[in-house]
Amino acid sequence: MTSHRRYLLVRRPNGTPVAQDFALVTEPIPVPAPGEVIVRNHYASLDPAQRGWMDDVPSYAPPIPLGSAIRASTVGIVHASADGSFKPGDWVVGVNAIEEYSRSGPAHGLRKIDVERMPTPSNFLSAIGAVGLTGYFGLLEAGRPVAGETVLASGAAGAVGSVVGQIAKLKGCRTIGIAGGPDKCARARDRYGYDVAIDYRRKSVAQLAAEILAAAPDGVDIVFENVGGDVLDASLLNLAMHARIVLCGLISEYNSDHGRVGARNIWQLIVKRATMKGFLVRDYSTRFAAGGAQMAAWMAEGKLHIDEHIVSGIDRAYEAFMMLFTGKNQGKMILKLA
Ligand SMILES: NC(=O)c1ccc[n+]([C@@H]2O[C@H](COP(=O)([O-])OP(=O)(O)OC[C@H]3O[C@@H](n4cnc5c(N)ncnc54)[C@H](OP(=O)(O)O)[C@@H]3O)[C@@H](O)[C@H]2O)c1
């Protein structure tokens, strides 16, 4: 094999991405320059955040340059190395791209992983990757749950939300999940242990707020927000005194072509002396090993279910990525590349 395929951003999406915003190209497999490592990617993480990196707007990461492969965390095997700390055959994880082979190295956060530790190497993108650790640190450090409190999470049946609900139960909280459609709600309840699941689809803010009130008459102590828009507005109308809102994601706005919706009921922060705090998982990177060890232990003890939705083939990158926005994914969205 001398060539490989790469999935490039060729045009900045206007609202919802279309297939023509991307191009699948074939190029020679790169040769490592001094200090570089070439990784044969086996799995690439598909994340809502990638949609944000496609826009040329200020963010915590630079926009993906046009003509570059879509930035993604990947798990793979070192194919060739000109860096003494990596050798061919090592399993690694790093911030690379949706491509079959990546130029990588320490500048990409590349690190060796012990794949024997987990049921499958893809778990380094889910349970003990950024997504699992977002649920872990977001709830425990930003939310600070106390036993007996009520935790509400949106995107409850998704990769982050499923972790939040399960850890909240492990900490003795009551849990309310908001998800799209009866199947996702059943999954939130039956698999991820939510005490109540509320379907947000085709409901007004007032209807949603009434359903949350029925589930939590004394108010919600922690809102773990993954969605934003109407869902957040309805939650804001149901805060308990001194509630904490962990602002983790606003996926309902990522494809908006008419600006951001914003939270319209923030007056409730004053009424309830509540706190809303932005959360970014990378701020906890020095503690990923400890968080990952706890997540792995809960999985091994059968206390934590982690689901992955794996789609095979780089030629299916667009189809798989868009499942995040239609809600077709059943678990952490991952593209299998080898
Ligand atoms: N701050 C951080 O460090 C950090 C890190 C990772 C992820 N995040 C954020 O966490 C959130 C969840 O990410 P994830 O990776 O776990 O994805 P995910 O929940 O596994 O998948 C995305 C889900 O979002 C829901 N969704 C999509 N469009 C929606 C809309 N317009 N309105 C309401 N719900 C919608 C869908 O679920 P339904 O079928 O239920 O509608 C979909 O399945 C995202 O907002 C992401 O940006 C933040």
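Along the sequence shown, residues carry numbers from 1. Remember, it's 1-based here, ligands and their atoms both numbered in the order they're listed.
- Cluster membership for Val146 and Leu239, using ILVMFWY side-chain heavy atoms within less than 4.5 angstrom, is not shared.
- Remark: ligand 1 atoms within the under-4.0 Å shell around heavy atoms of Ala179 are 40 (O).
- Of the protein's heavy atoms, Pro48 CD, 3.4 Å lies nearest to atom 15 (O) of ligand 1.
- Of all atoms in ligand 1, numbered sequentially from 1 with element shown, those under 4.0 Å from a heavy atom of Gly158 are 18 (P), 19 (O), 20 (O).
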Could you go through the salt bridge (Lys or Arg N to Asp or Glu O under 4.0 Å) check for Lys184 and Asp199 one step at a time? CA-CA 8 Å; Lys184 285 275 182 93; Asp199 182 357; over 6 Å; no

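- When the heavy atoms of Asn226, Thr134, Val163 are ranked by distance to atom 5 (C) of ligand 1, first place goes to Thr134.
- A donor-acceptor pair under 3.5 Å is absent between the side-chain atoms of Asp257 and the main chain of Asn14, judged by distance alone.
- Every N/O-N/O distance between Ser252 and ligand 1 stays at or above 3.5 Å.
- Closest to atom 22 (C) of ligand 1 among all protein heavy atoms lies Leu324 O, 3.3 Å.
- Atoms of ligand 1 found under 4.0 Å from any heavy atom of Arg201, numbered from 1 in the order shown, are 38 (P), 39 (O), 41 (O).
- Of all protein heavy atoms, the one lying nearest to atom 28 (N) of ligand 1 is Phe325 O, 3.5 Å.
- Aromatic ring pairs are classed by plane angle as parallel below 30°, tilted from 30° to 60° and perpendicular above 60°; the pair Trp298 and Tyr136 is tilted.
- Between the side chains of Ser256 and Glu253, no donor-acceptor pair is found at a separation under 3.5 Å.
- Taking only non-hydrogen atoms, the option from Arg282, Lys184, Glu225, Gln330 nearest to atom 37 (O) of ligand 1 is Lys184.
- The distance criterion of under 3.5 Å between nitrogen or oxygen atoms is met by Phe279 with respect to ligand 1.
- The distance from ligand 1 to the heavy atoms of Ala159 drops below 4.0 Å at these ligand atoms: 16 (O), 18 (P), 19 (O), 20 (O).
- For the ligand labelled ligand 1, residue Cys248 lies inside the 4.0 Å heavy-atom shell.
- Looking at Gly180 next to ligand 1, an N or O pair under 3.5 Å apart turns up.
- When hydrophobic clusters are built by joining Ile, Leu, Val, Met, Phe, Trp and Tyr residues whose side-chain heavy atoms come closer than 4.5 Å, directly or via intermediates, Leu8 is not grouped with Met54.
- Side-chain contact of Tyr192 with Asp307: a donor-acceptor pair under 3.5 Å is present, judged by distance alone.
- Inspection of the Glu308 and Asn123 side chains reveals an N or O donor paired with an N or O acceptor under 3.5 Å.
- Ser85 and Asp83 share a donor-acceptor pair across their side chains, judged by distance under 3.5 Å alone.
- Of the protein's non-hydrogen atoms, the one nearest atom 7 (C) of ligand 1 is Val160 CG2, 3.8 Å.
- A salt bridge is absent between Arg111 and Asp90: the closest approach of a Lys/Arg side-chain nitrogen to an acidic carboxylate oxygen does not fall below 4.0 angstrom.
- Close approach to Asn329 involves these atoms of ligand 1, each under 4.0 Å from a residue heavy atom: 18 (P), 20 (O), 21 (O), 42 (C), 43 (O).
- Using cut-offs of 30° and 60° for the angle between ring planes, the Phe22 and Tyr318 rings count as tilted.
- Numbered from 1 in the order shown, with element, the atoms of ligand 1 that lie under 4.0 Å from a heavy atom of Leu250 read 45 (O).
- With distances taken over non-hydrogen atoms, the option nearest atom 26 (N) of ligand 1 out of Leu133, Asp183, Val281, Ile251 is Ile251.
- The residue from Tyr200, Tyr254, Phe224, Tyr284 that puts a heavy atom closest to atom 34 (N) of ligand 1 is Tyr200.
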Does Thr74 form a side chain to side chain donor-acceptor pair (under 3.5 Å) with Asn41? I'd like the steps, not just the answer. CA-CA 6 Å; Thr74 69; Asn41 292 317; 2.7 Å; yes

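- In terms of protein heavy atoms, atom 36 (C) of ligand 1 is closest to Gly327 CA, 3.7 Å.
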